[in-house]
Amino acid sequence: MAYVDGFVIPLPKENLEAYLDMSRQCGAIWKEYGAREFRECIGDDIPPGKVTSFPLSVDLREGEVVVFSWIVYGSRAERDAINDKAMNDPRMAHFMDQKNLPFDGKRMIYGGFEMLIDL
């Protein structure tokens with residue numbers, strides 16, 4: 001069954017174009033190494049919540065929007081191999097430095113998920 005890496009990111013609206021540029025570059029690298037899907041979605045209908053919510057999860061601040069992203073792989077083993085290649089690709093070096101990211105990486109939420117249902 002497929003494997004998915006998921007991300008929730010607080011993105012300053014003013015950095016949207018820089019984020020999209022970074023994402024296109026990174027997505028091309030992940031796809032080159034075998035990722036099946038590379039998706040980026042921007043929040044459009046995200047209630048703030050009082051106990052839990054996407055905005056609370058990333059400490060969303062004034063002028064920011066939530067980005068929800070995922071990468072799909074064939075399996076966990078495939079994901080691990082692809083991530084190893086992508087993260088060590090010299091084209092990624094610029095994005096490995098926190099100061100070059102168009103968002104606050106410390107507030108990003110991410111994790112790997114084993115897919116249970118795929119309809």
Side-chain angles (χ1 to χ4, degrees):
M1 186 64 75
Y3 197 82
V4 177
D5 277 340
F7 309 87
V8 180
I9 300 165
L11 176 68
K13 293 176 187 176
E14 65 189 23
N15 293 348
L16 179 59
E17 288 306 316
Y19 181 81
L20 292 174
D21 183 54
M22 178 195 75
S23 182
R24 286 183 187 103
Q25 291 178 59
C26 293
I29 293 168
W30 258 260
K31 294 285 286 188
E32 178 182 320
Y33 288 122
R36 295 178 180 198
E37 296 179 30
F38 190 97
R39 306 282 188 221
E40 295 283 1
C41 304
I42 192 162
D44 180 54
D45 182 18
I46 302 179
K50 293 184 179 179
V51 179
T52 62
S53 69
F54 280 110
L56 285 172
S57 70
V58 294
D59 187 25
L60 196 68
R61 299 174 184 164
E62 184 76 28
E64 293 180 334
V65 65
V66 174
V67 172
F68 177 60
S69 327
W70 67 93
I71 306 170
V72 178
Y73 310 91
S75 67
R76 167 75 189 264
E78 187 177 285
R79 173 263 210 165
D80 291 347
I82 291 168
N83 277 352
D84 184 55
K85 291 174 189 171
M87 298 302 276
N88 288 297
D89 189 299
R91 296 171 289 178
M92 287 294 297
H94 177 77
F95 301 119
M96 300 308 284
D97 186 338
Q98 265 302 323
K99 70 180 183 217
N100 295 325
L101 294 176
F103 61 90
D104 181 356
K106 293 176 186 163
R107 292 188 288 137
M108 174 176 70
I109 296 172
Y110 60 92
F113 299 84
E114 183 176 341
M115 192 176 294
L116 298 177
I117 297 174
D118 185 9
L119 302 176

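Note on L16 and L60: separate hydrophobic clusters, where clusters join Ile, Leu, Val, Met, Phe, Trp and Tyr whose side-chain heavy atoms are under 4.5 Å apart, directly or indirectly. Under the 4.5 Å side-chain contact rule for hydrophobic residues, F113 and M1 do not share a cluster. A single hydrophobic cluster is seen to contain both L20 and W30, as judged by linkage of ILVMFWY side chains at heavy-atom distances under 4.5 Å, directly or through other members. Following chains of ILVMFWY side-chain contacts shorter than 4.5 Å, one cannot reach I9 starting from V4, and the two form parts of different hydrophobic clusters. Taking hydrophobic clusters as Ile, Leu, Val, Met, Phe, Trp and Tyr residues chained together by side-chain heavy-atom distances below 4.5 Å, W70 does not share a cluster with L116.
In terms of heavy-atom proximity, D84 sits nearest to N88 at O-ND2, 2.7 Å. A pairwise comparison of heavy atoms in V67 and S69 identifies CG1-OG, 3.6 Å as the closest pair. When all heavy atoms of P10 and E64 are compared, the closest pair comes out as CB-OE1, 3.8 Å. Looking at every heavy atom in both residues, L56 comes nearest to G49 through CD1-O, 3.8 Å. Across all non-hydrogen atoms, the minimal contact from P55 to P47 is CD-O, 3.6 Å.
Under the side chain to side chain contact (heavy atoms under 4.5 Å, CB included) criterion, N15 pairs with L11, P12, P102, not counting sequence neighbours. Applying the ring-ring contact (aromatic ring centres under 6.0 Å, His included) test to F103 and every residue at least two apart in sequence or in another chain returns Y19. Every residue two or more places apart in sequence or in another chain was checked for a side chain to side chain contact (heavy atoms under 4.5 Å, CB included) with D44, and none qualifies. Taking the salt bridge (charged side-chain N to carboxylate O under 4.0 Å, His left out) definition, one finds that D59 meets it with R61, sequence neighbours left out. With sequence neighbours left out, the side chain to side chain contact (heavy atoms under 4.5 Å, CB included) criterion links V8 to F54, S57, V58, V66, F68, I109. With sequence neighbours excluded, the residues forming a side chain to side chain donor-acceptor pair (under 3.5 Å) with Y33 are D89, listed by chain and number.
A distance of 15.0 Å separates NZ of K31 from CZ of R24, quoted to the nearest 0.5 Å. Taken from CD1 in I71 to CD in E40, the straight-line distance is 8.0 Å, to the nearest 0.5 Å. Distance check, rounded to the nearest 0.5 Å: CD of Q98 to NZ of K106 gives 6.0 Å.
Around atom CE of M115, more than 12 heavy atoms belonging to other residues, nucleotides or ligands sit under 6.0 Å away.
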Stepwise side chain to side chain contact (heavy atoms under 4.5 Å, CB included) test for D5 and Y110: CA-CA 7 Å; D5 277 340; Y110 60 92; over 6 Å; no

D80 and Y3: CA distance, side-chain angles, deciding distance, side-chain hydrogen bond (donor to acceptor under 3.5 Å, both in side chains) verdict: CA-CA 10 Å; D80 291 347; Y3 197 82; over 6 Å; no

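No side-chain heavy atom of M22 sits under 4.5 Å from any side-chain heavy atom of Q25. With a 4.5 Å cut-off on side-chain heavy atoms, E78 and R36 count as touching. At a threshold of 4.5 Å between non-hydrogen side-chain atoms, the residues M96 and M87 count as touching.
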